[in-house]
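For reference, the structure discussed in these notes is given below.
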Amino acid sequence: MKLQEIDKTRYRKNMNLLIVILVLSLVGLSLAFGSALIAIFGATPVPGEPTGNFHLNLLGVILSVGLCGAVLHHFKERPFFREIYYVWRLKQLHNRIYRKLVKIKAAAAQNDVNALITLLFYYTSLRQVYLLDDNTLTLPALTQDLNRLNAQIDSLGLLISPEQFTPEMLNL
C-alpha cells in the first residue's frame, strides 16, 4: 500500500458526515426492521406481561447493520469515500503490523532491511493517521521512535523509504 496525500479538512468533513448518516440510518433502519418483524412474527401482547419480542428487535438491528455495511461496501470506491476508505485500509494494515510488531522490532534490531522498511512505513503512516484524526497525545513518542529509526537507517548507510513497503513483508 502506497502512502497518499490526504486533504485533512475534506477527510474530517466527509468522515463526520458519514458518521451522522450512519448513526441515523442504523437507528431508523433498526426501528423499521424491528417494527416490521414484530408486525409479521410478533407475539400478541398480553396486558401486564412482556411481549418476548427481544429477538425480533435484535434481528432488526442485525439486518440494519448488514444493510448499512452492504451500502458502504458498494460505495467505497466513490470520490466521497476516497480518503475515508484509504484511512480505513491503512488502519487495517496498522493492525496487521501491530500484531507482529515485537518480531518486526527484533528483526530491525538485527538490521534486517525488510523489518526496517516495515517499521519506517508503520511509523510514517501512523503519524499521518494521528495527524488526520487529531491524535496529538501520542505524537511525541511516535516522533521519537521515527527519529531513532531514521538514525539507525542513516548509520547503516541505507536508502530506504516507506514506498518500498509491501504487505508481503509481514510474512516473517
Side-chain angles (χ1 to χ4, degrees), residues 1-37 56-105 107-108 114-150 153 160-172:
M1 178 175 202
K2 302 298 177 206
L3 295 178
Q4 300 173 9
E5 197 63 35
I6 298 295
D7 179 12
K8 181 179 179 174
T9 6
R10 180 177 169 175
Y11 167 73
R12 297 297 301 167
K13 185 184 107 193
N14 289 353
M15 187 62 158
N16 289 339
L17 183 61
L18 176 66
I19 289 170
V20 168
I21 290 171
L22 197 57
V23 167
L24 292 175
S25 297
L26 286 171
V27 169
L29 288 171
S30 295
L31 289 172
F33 282 138
S35 297
L37 288 169
L56 295 174
N57 283 322
L58 180 62
L59 183 58
V61 171
I62 292 169
L63 288 173
S64 69
V65 167
L67 181 61
C68 287
V71 168
L72 285 176
H73 181 73
H74 178 72
F75 289 115
K76 70 182 178 189
E77 299 294 332
R78 301 288 167 103
F80 176 83
F81 289 104
R82 188 181 78 78
E83 289 93 354
I84 296 170
Y85 185 55
Y86 164 76
V87 172
W88 181 72
R89 286 189 351 250
L90 198 55
K91 287 179 179 183
Q92 282 184 319
L93 194 51
H94 287 160
N95 284 334
R96 283 185 60 203
I97 294 171
Y98 183 78
R99 286 192 295 265
K100 297 184 178 199
L101 197 56
V102 171
K103 288 181 183 178
I104 294 168
K105 283 184 176 182
N114 285 343
L116 291 171
I117 291 170
T118 302
L119 272 181
L120 185 60
F121 172 83
Y122 179 66
Y123 291 150
T124 305
S125 60
L126 203 57
R127 185 175 193 286
Q128 180 184 30
V129 171
Y130 283 178
L131 290 172
L132 286 172
D133 289 341
D134 290 327
N135 182 2
T136 56
L137 185 63
T138 54
L139 203 53
L142 177 65
T143 303
Q144 277 184 331
D145 291 340
L146 188 56
N147 290 339
R148 241 188 325 264
L149 180 64
N150 282 327
I153 291 168
I160 63 176
S161 71
E163 285 73 33
Q164 293 173 297
F165 173 77
T166 61
E168 291 77 31
M169 290 180 176
L170 295 176
N171 300 331
L172 297 174

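What you see is a predicted model; the values in this text were computed from it and never measured. The figures that follow rest on heavy atoms only: side chains count, while hydrogens, waters and symmetry mates do not.
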I'd like to know if the side chain of Gln128 reaches the main chain of Gln4, judged simply by a donor and an acceptor atom lying under 3.5 Å from each other, with no hydrogens or angles considered. yes
Pair listing, salt bridge (Lys or Arg N to Asp or Glu O under 4.0 Å) test, anchored in residues 12-34, at least two apart: Arg12-Asp133
Is there side-chain contact between Leu18 and Asn14, with at least one heavy-atom pair below 4.5 Å? no
Nearest-0.5 Å distance, NZ of residue Lys103 to OG1 of residue Thr118: 13.5 Å
How close do Ile153 and Leu120 get, counting heavy atoms only, and between which atoms? CD1-CD2, 4.3 Å
Set of side chain to side chain donor-acceptor pair (under 3.5 Å) partners for Asp134, sequence neighbours left out: Lys8
Using a 4.5 Å cut-off on heavy atoms from C-beta on, say whether the side chain of Leu29 contacts that of Val61. no
Determine the sole option in Leu139, Leu132, Asn135 for which the side-chain contact (heavy atoms from CB on, under 4.5 Å) test with Arg127 is passed. Leu139
Go through it in stages, so that I can follow the logic: the residues are Leu142 and Tyr123, the test is side-chain contact (heavy atoms from CB on, under 4.5 Å), and I'd like the CA-CA distance, side-chain angles, deciding distance and then a yes or no. CA-CA 7 Å; Leu142 177 65; Tyr123 291 150; 3.6 Å; yes
In Å, rounded to the nearest 0.5 Å, how long is the span from CG of Asn16 to CD1 of Ile84? 9.0 Å
Going by heavy atoms in the side chains, are Thr138 and Leu126 under 4.5 Å from each other? no
Here the gap from Asn114 atom CG to Ile104 atom CD1, rounded to the nearest 0.5 Å, amounts to 10.5 Å
Would you name the heavy atoms of Leu56 and Leu37 that are closest together and state the gap between them? O-CD1, 3.6 Å
Under 3.5 Å, is there a donor-acceptor pair between the side chain of Thr124 and the main chain of Phe121? no
Does Tyr11 use its side chain to pair, donor to acceptor, with the backbone of Ile6 at less than 3.5 Å? no
Could you state the interatomic distance from NZ (Lys100) to OH (Tyr122), rounded to the nearest 0.5 Å? 14.0 Å
So for atom CG, which belongs to Leu137, do other residues, nucleotides or ligands contribute more than 12 heavy atoms lying within a distance under 6.0 Å? no
Once side-chain contact (heavy atoms from CB on, under 4.5 Å) is applied, do any residues pair with Tyr85, and if so which ones, sequence neighbours excluded? Lys76, Glu77, Trp88, Arg89
Heavy-atom nearest pair, Ala108 first then Ala115, reads N-CB, 3.5 Å
In this structure, CG of Leu58 is separated from CG of Leu63 (nearest 0.5 Å) by 9.5 Å
How about Tyr98: does its OH atom have over 12 heavy atoms from other parts shown lying under 6.0 Å from it? no
Less than 4.5 Å apart, any side-chain heavy atom of Phe81 and any of Leu72? yes
Looking at CG of Leu119 and CE of Met169, how far apart are the two atoms once the value is rounded to the nearest 0.5 Å? 11.5 Å
His94 and Ser125 have their tightest heavy-atom pair at NE2-OG, 2.7 Å
